[in-house]
*Asks:* 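The structure follows.
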Amino acid sequence: MGTKGIAIVDMDVAELIKVLNKAYSDEWLAYYQYWIGAKVVAGPMKGAVIAELIEHAADELRHADMLAERILQLGGTPVAEPKAWYEWTNCGYEAPNDPYVKTILEQNIKGEQCAILTYKELLTLTEGKDPVTYNIVLQILQDEVEHEEDLQAEMEDLNDMLSAHGRQ
Ligand code: FE
Ligand code: FE
Ligand code: MG
């Protein structure tokens with residue numbers, strides 16, 4: 001940890017580490033939800049959906065990495081016990097027990113909408129107080145906004161295709 005780097009943080013660093021660890025737990029759960037979703041998803045247009053899920057899984061894992069690096073810079077320890085992710089998470093985890101493509105998309109859209117709200121709150125919390133964390137959170141938020149839009153576009157394509165098929 002860098003002492004001056006921590007000294008310029010104009011907020012309670014222990015509290016900041018805590019909220020970053022909560023987001024870090026969310027990212028691992030989001031990563032796994034996408035990763036396993038891409039394996040099991042079934043139904044129409046699943047090829048396009050799998051490609052999107054795999055891409056998003058990689059993004060969530062990168063977000064976990066960004067948060068871990070920041071937690072370490074601040075002198076904290078990233079949550080080391082996977083079972084603790086369930087205790088720390090803001091957005092939870094939805095197992096793809098129903099592999100139908102629309103159900104998987106709905107579960108992940110819900111997750112992205114929770115992530116967007118969580119990172120918006122973190123932006124407000126760090127604004128003007130910790131520009132380094134603020135910048136990391138802003139980058140992640142931009143990705144989550146893109147993820148939601150991607151999944152909603154997949155859902156629209158799927159609904160268009162299904163209704164066109166229904167008319168034939
Ligand atoms: Fe993420
Ligand atoms: Fe995301
Ligand atoms: Mg995408």
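Since we're looking at a predicted model, the values are computed, not measured. Each ligand, and each atom within it, is numbered from 1 in the order the structure gives.
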*Asks:* Side-chain heavy atoms nearer than 4.5 Å, only ILVMFWY residues, links allowed to pass through others: does that put Val132 and Tyr134 together?
*Replies:*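 Yes, one cluster joins them.
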
*Asks:* Do Leu138 and Ile71 land in one hydrophobic cluster if side-chain heavy atoms of ILVMFWY residues count as linked below 4.5 Å?
*Replies:*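 Yes, Leu138 connects to Ile71 through the hydrophobic network.
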
*Asks:* Within Asp150, is some N, O or S atom less than 2.8 Å away from the Mg ion (ligand 3)?
*Replies:*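 Given the 2.8 Å cut-off, Asp150 counts as a ligand of the Mg ion (ligand 3).
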
*Asks:* Counting no waters, what protein N/O/S atoms lie under 2.8 Å from the Fe ion (ligand 2)?
*Replies:*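 Within the sphere that stays under 2.8 Å of the Fe ion (ligand 2), the protein atoms of type N, O or S are Glu60 OE2, Glu112 OE1, Glu112 OE2, Glu144 OE1, His147 ND1.
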
*Asks:* Of all the atoms in Glu55, is at least one N, O or S atom closer to the Mg ion (ligand 3) than 2.8 Å?
*Replies:*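 Under 2.8 Å: Glu55 contacts the Mg ion (ligand 3) through an N, O or S atom.
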
*Asks:* With a 3.5 Å distance limit and no angle check, can you tell me whether Gln33 reaches the backbone of Glu94 through a side-chain donor-acceptor pair?
*Replies:*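 Yes, the answer is positive, given that a donor and an acceptor are paired below the 3.5 Å cut-off.
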
*Asks:* Can you tell whether the side chains of Arg70 and Asp130 come within less than 4.0 Å, N to carboxylate O?
*Replies:*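 Salt bridge flag = yes for Asp130 with Arg70.
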
*Asks:* Is Arg62 paired with Asp65 through a side-chain N to carboxylate O contact shorter than 4.0 Å?
*Replies:*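 Salt bridge between Asp65 and Arg62, a charged N being under 4.0 Å from a carboxylate O: no.
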
*Asks:* Does Asp26 bring an N, O or S atom to within less than 2.8 Å of the Fe ion (ligand 1)?
*Replies:*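 No, since none of the N, O or S atoms of Asp26 sits under 2.8 Å from the Fe ion (ligand 1).
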
*Asks:* Can you get from Ile109 to Met161 by hopping between Ile, Leu, Val, Met, Phe, Trp and Tyr side chains that sit under 4.5 Å apart?
*Replies:*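 Both belong to a single hydrophobic cluster.
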
*Asks:* Counting backbone and side-chain atoms alike, is an N, O or S atom of His56 positioned under 2.8 Å from the Mg ion (ligand 3)?
*Replies:*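 Coordinating: yes.
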
*Asks:* Is there a path of hydrophobic side-chain contacts, each under 4.5 Å between heavy atoms, that joins Tyr86 and Val19?
*Replies:*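 The answer is yes; both residues are in one hydrophobic cluster.
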
*Asks:* First locate atom CG of Leu29, then atom OH of Tyr24, and finally report the distance between them rounded to the nearest 0.5 Å.
*Replies:*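 Answer for the CG-OH pair, Leu29 versus Tyr24, is 11.0 Å.
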
*Asks:* Which atom, among the N/O/S set of Glu52, is closest to the Mg ion (ligand 3)?
*Replies:*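 This residue's closest N, O or S atom turns out to be OE2.
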
